[in-house]
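The figures that follow rest on heavy atoms only: side chains count, while hydrogens, waters and symmetry mates do not. Small disclaimer: the values here were computed from a predicted structure and weren't measured. Note on naming: letters A, B, ... go to the chains in the order of the sequence lines (proteins, then strands), and numbering restarts at 1 for each one.
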Amino acid sequence: MSTLVIVESPTKARTIRNYLPRDFRVEASMGHVRDLPQSATDIPANVKGEKWAQLGVNVESDFEPLYVIPKDKKKIVTQLKEALKSADELVLATDEDREGESISWHLLQLLQPKVPVKRMVFHEITQDAIRKALKDCRTVDEQLVRAQETRRILDRLVGYTLSPLLWKKIAKGLSAGRVQSVAVRLLVNRERQRRAFRQGSYWDLKATLEAKGEFEAKLTALAGTKVANGSDFDPDTGQIAAGRNVVLLNETQARELLERLTGKPWTVTDLEERPTTRKPAPPFTTSTLQQESNRKLRLSARDTMRVAQNLYEQGYITYMRTDSVHLSEQAIAAARSCVEQMYGKNYLSPQPRQYSTKSKGAQEAHEAIRPAGSSFRTPKETGLSGREFDLYDLIWKRTVATQMADSRQTQVIVQLQVEDAGFRSSGKRIDFPGFLRAYVEGYDDPEAALEDREVILPPLKKGDRPDCKNLEAIGHETQPPARYTEASLVKTLESEGIGRPSTYASIIGTIVDRGYAQIVSNALVPTFTAFAVTALLEQHFPDLVDPSFTSKMEQTLDDIATGEAAWLPYLRKFYSGDAGLETLVKARESQIEANVARTVAFDDLEAKVRIGSYGPYIEAQNGSDTVTASIPKDWTPADLDAELVEKLLKQKTEGPDKVGIHPETGEPIYVKIGPHGPYVQLGEKTEDKPKPKQASLPKGVTPDNLTLETAVGLLSLPRLLGTHPATGGKIQASIGPYGPYVVHDQGKEGKDYRSLKSTDNVLTVTLERALEILAEPKKGRRTSSKSKPALRELGAHPGDGEPVNIFEGPYGLYVKHGKTNVGLPEGQKVEDMTLDKALELLASKESSAKKSTTRKSTKASANGNGKAATTAKKKTASSSTRKTTTASKSKTKSS
DNA sequence: CAGTGAGCGAGCTTCCGCTTGACTT
């Protein structure tokens, strides 16, 4: 008989197994094992008829939750039940936070153990910590569990009562929730500011001066009055903000001033040196890791987490979902020894640095994210490569930097005077780089990154008379507030305490999937739907989309956990009764007119935008007629101005613009804007010609700058360039779904495609140039085996003599034989691989590949609801055969 | 690929937080 220990994750199970006695069996629950039913198919038959069944919470009977085991957890639960049979003690070792406590409680409910049960908690995985934790076990904290359950129920009530309202009033398939709706609202508010933004412009002077060295200075004051710069403008008017005592220079004034100052003597009137110090940023949490990785490595939150998970599973870093900046003693010691070895004692912070968490509602069940172990491997020592290397490198540097000395800098500010004009020059000297040697935190605003650059001024003193080498007038324009990026959205949500480390990445996924935002070169741009939904929620449920809603809820949950508040009255007040959500939603349902809710009004547009079942469209009055026109699919409110609206409508009222007459066919060519953007069409659509020739406008060509020549060219694609001198195969140029390309027809060898560079023009590209492009090796993902050499060649496959090699792909290391690829098992080192081991892996894959073809057909998606761009959730039942065999193999090998 | 903006009506969509596993090279 033995003790069964249950933790959340298999990786945690593997590590703590080493610190427990031999007769302890450690299993993983894989997160939560029970939950409210997610969709109608999960609702058990016996409650399906009930009014509250769709909610999964019996709101008529003290909010009793209906718990089910989600499909993908059924197997785990049976396995855990089985494991418990041979145990004479059960130890629940899930995380010591609200969710972790709840998992333990659900396990108890499900497993109904007849043997003694203990609740064990630890914050560090070391021999000592685990042994101590095992001695100090407690029971499950029912109040903490209640707090979790309250959170769960509240989120369900919000989400599952507001979403149906949106289906009725705006469009089907939409969603609302405590977290996502606030996130969407942040995006919408920022976009509203951008639309309201009025650009202001101002001029100033820049001087290049010389005094024992060159330096630059900027005009700051004129006759004792400050010269206006960007911060003096009111973003809503584009004018100088009220109450500012500044002089605003326009171009003429700036040039006149330049004339007047030219040739006049300059004097240094003041010189100030200000020493400053900077401290290193705290170690990574999930949120800060995602932010930095997005800024520095350009990884999405999701990719960051995927790579971090790999690093964690291979034992390179500590747990990647955390809100704590706490470092264990051993981590601090390891970081300090790294600093000493790599940078020397001078660079060590005099005292070990420990950080404390500031963000709201942090639960701190884990350590900060840092290199694993009691001594850190340097990035080079790890043998990692690609994204894994980059991310580890980032984590290593940030962690090591926390134990480094402050950086000491001197800010130098020089005031200069010429006639009545005051100039300023600022420099920065890094006296001692300290932690900057290892790590500089990134910025969302690339301008701000300059802050850390050293700007050396020549040694100047008061009374110096520098020569003016050059003086120029420079015009500036104020910029609208920047859109949110993934990084800045996560940062904002975290600082408001909204969302959890495990969900930051999926929040962004949700709002993109629901069609609330599009990612355009790293920026999150809200859609028309986002505007409509946000307006409805703000107007009718202002409390729920207020960022402070979550922090108030958290406060109550904390009180429930400590016993100072009771859960039932809280939920009752929130949902039932006169002021409750249920009543409110019902009342609003009859008040809100769908036609109004579907409409987005913009101050600067006369036409209205409506959300239709096929996407957003414009509606305007033309005399007594109502005209509607679709807005192209990837357009957002950011793209829509009065001019474009006009264009879209004109196409409907007066027919499309004619570009000209086709010189050969004599038919007219039209430029139209369709659901996929602007395109040209040859002739009209008629009964006997239902499909006139059409072609999309490529990037850079707009309806405005489109010439007849270009239009004719586009309509004549694909264009034959000639034949290949070596093969005699045809070479053509055209535009495909991925943009302009050239293709070489190699007969039975297939076609060789290459994308054109942005500097090439499909309509004019020559045969010579095409041959040049075709001669370049193919880029892109399919050819990594050609561009990247094998990490190791293991030899020929006995079956067919084809080589068996190890490669590295974006998903880690894998063995390749012909077209078969198999990932290496966890922890398998490249050096230890043999041909035999590789053949074993390939064999297991090749045999299971045959079976797997029969399973696929069951997954046909029932997603026929038109445009809602949801990515179908992939939840196929796992084909256990291959996985379990390889898993058990690697287990026996490692033990 | 280049429209539509309304209907017979069944059954369904949807939340937040814990986890990993399927694919792919």
Enquirer: With a 3.5 Å cut-off and heavy atoms only, can you find an N or O donor on one side and an acceptor on the other between the side chain of A:Ser630 and the base of B:dG5?
Expert: yes
Enquirer: In this structure, how many angstroms lie between the P atom of B:dG17 and the CD1 atom of A:Ile507, rounded?
Expert: 6 Å
Enquirer: Of A:Pro501 and A:Leu157, whose nearest nucleotide on DNA chain B comes first from the 5' end?
Expert: A:Leu157
Enquirer: Quick one: is A:Arg500 getting a side-chain N or O under 4.0 Å of the B:dC18 phosphate, OP1 or OP2?
Expert: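 For B:dC18, OP1/OP2 do have a side-chain N/O of A:Arg500 under 4.0 Å.
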Enquirer: Give every pair of a protein N or O atom and an N or O atom of nucleotides 6-13 of chain B that lie under 3.5 Å apart, one pair per line with the distance.
Expert:
| unit_1 | atom_1 | unit_2 | atom_2 | d |
| --- | --- | --- | --- | --- |
| B:dA6 | N6 | A:Ser613 | OG | 2.9 |
| B:dA6 | N6 | A:Tyr614 | OH | 2.8 |
| B:dA6 | N1 | A:Tyr614 | OH | 2.8 |
| B:dT13 | OP2 | A:Ala40 | N | 3.4 |
| B:dT13 | O2 | A:Gly173 | N | 3.4 |

Enquirer: Rounded to the nearest Å, what distance is computed from the CZ atom of residue A:Arg306 to the C1' atom of nucleotide B:dC23?
Expert: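 Value for this atom pair: 11 Å.
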Enquirer: Side chain of A:Gln694: nearest nucleotide among B:dA2, B:dT14, B:dG17?
Expert: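 The answer is B:dA2, which lies nearest to the side chain.
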Enquirer: Verify the contact: side-chain N or O of A:Thr503 to OP1 or OP2 of B:dG17, cut-off strictly under 4.0 Å; return yes or no.
Expert: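 For B:dG17, OP1/OP2 do have a side-chain N/O of A:Thr503 under 4.0 Å.
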Enquirer: Check this one for me: any side-chain N or O of A:Gln309 less than 4.0 Å away from OP1 or OP2 of B:dT20?
Expert: yes
Enquirer: Think A:Lys672 has a side-chain N or O under 4.0 angstrom from the OP1 or OP2 of B:dG3?
Expert: yes
Enquirer: Does B:dC15 have its OP1 or OP2 closer than 4.0 Å to a side-chain nitrogen or oxygen of A:Arg514?
Expert: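 Yes, such a contact exists.
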Enquirer: With nearest nucleotide decided by heavy atoms, which residue, A:Tyr319 or A:Arg151, maps closer to the 5′ end of DNA chain B?
Expert: A:Arg151
Enquirer: Is the shortest side-chain N/O distance from A:Ser9 to OP1 or OP2 of B:dT20 below 4.0 Å?
Expert: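 Answer is yes, contact under 4.0 Å.
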Enquirer: Below the 4.0 Å mark, does B:dT19 have OP1 or OP2 next to a side-chain nitrogen or oxygen of A:Arg321?
Expert: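 For B:dT19, OP1 or OP2 has a side-chain N or O of A:Arg321 closer than 4.0 Å.
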Enquirer: Expressed as a whole number of angstroms, how long is the span from A:Asp42:CG to B:dC15:C1'?
Expert: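 It is 14 Å, rounded to the nearest whole Å.
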Enquirer: Just N and O in the side chain of A:Arg152: are any of them under 4.0 Å from OP1 or OP2 of B:dC18?
Expert: no
Enquirer: Output all residues satisfying ring pair (Phe, Tyr, Trp, His ring centres under 6.0 Å) with A:Phe528, sequence neighbours left out; order by chain, then residue number.
Expert: none
Enquirer: Just compare B:dG21, B:dG17, B:dT19 and give me whichever is closest to any side-chain atom of A:Asp35.
Expert: B:dG17
Enquirer: Could you provide the dot-bracket string of DNA chain B, using ( ) for intrastrand pairs, [ ] for crossing pairs and | for bases paired to another strand, with Watson-Crick or G-U pairs below 3.5 Å?
Expert: .........................
Enquirer: Might you work through the salt bridge (Lys or Arg N to Asp or Glu O under 4.0 Å) test for A:Asp35 and A:Lys73, ending with a clear yes or no?
Expert: CA-CA 10 Å; A:Asp35 194 10; A:Lys73 296 293 167 57; over 6 Å; no
Enquirer: Does A:Gln180 have a side-chain nitrogen or oxygen under 4.0 Å from the phosphate oxygens OP1 or OP2 of B:dC16?
Expert: yes
Enquirer: Counting only side-chain N and O atoms of A:Lys652, is one of them less than 4.0 Å from OP1 or OP2 of B:dG3?
Expert: no
Enquirer: Could you tell me the separation between the CD atom of A:Glu99 and the C1' atom of B:dC16, rounded to a whole number of Å?
Expert: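 Rounded to whole Å, this separation is 8 Å.
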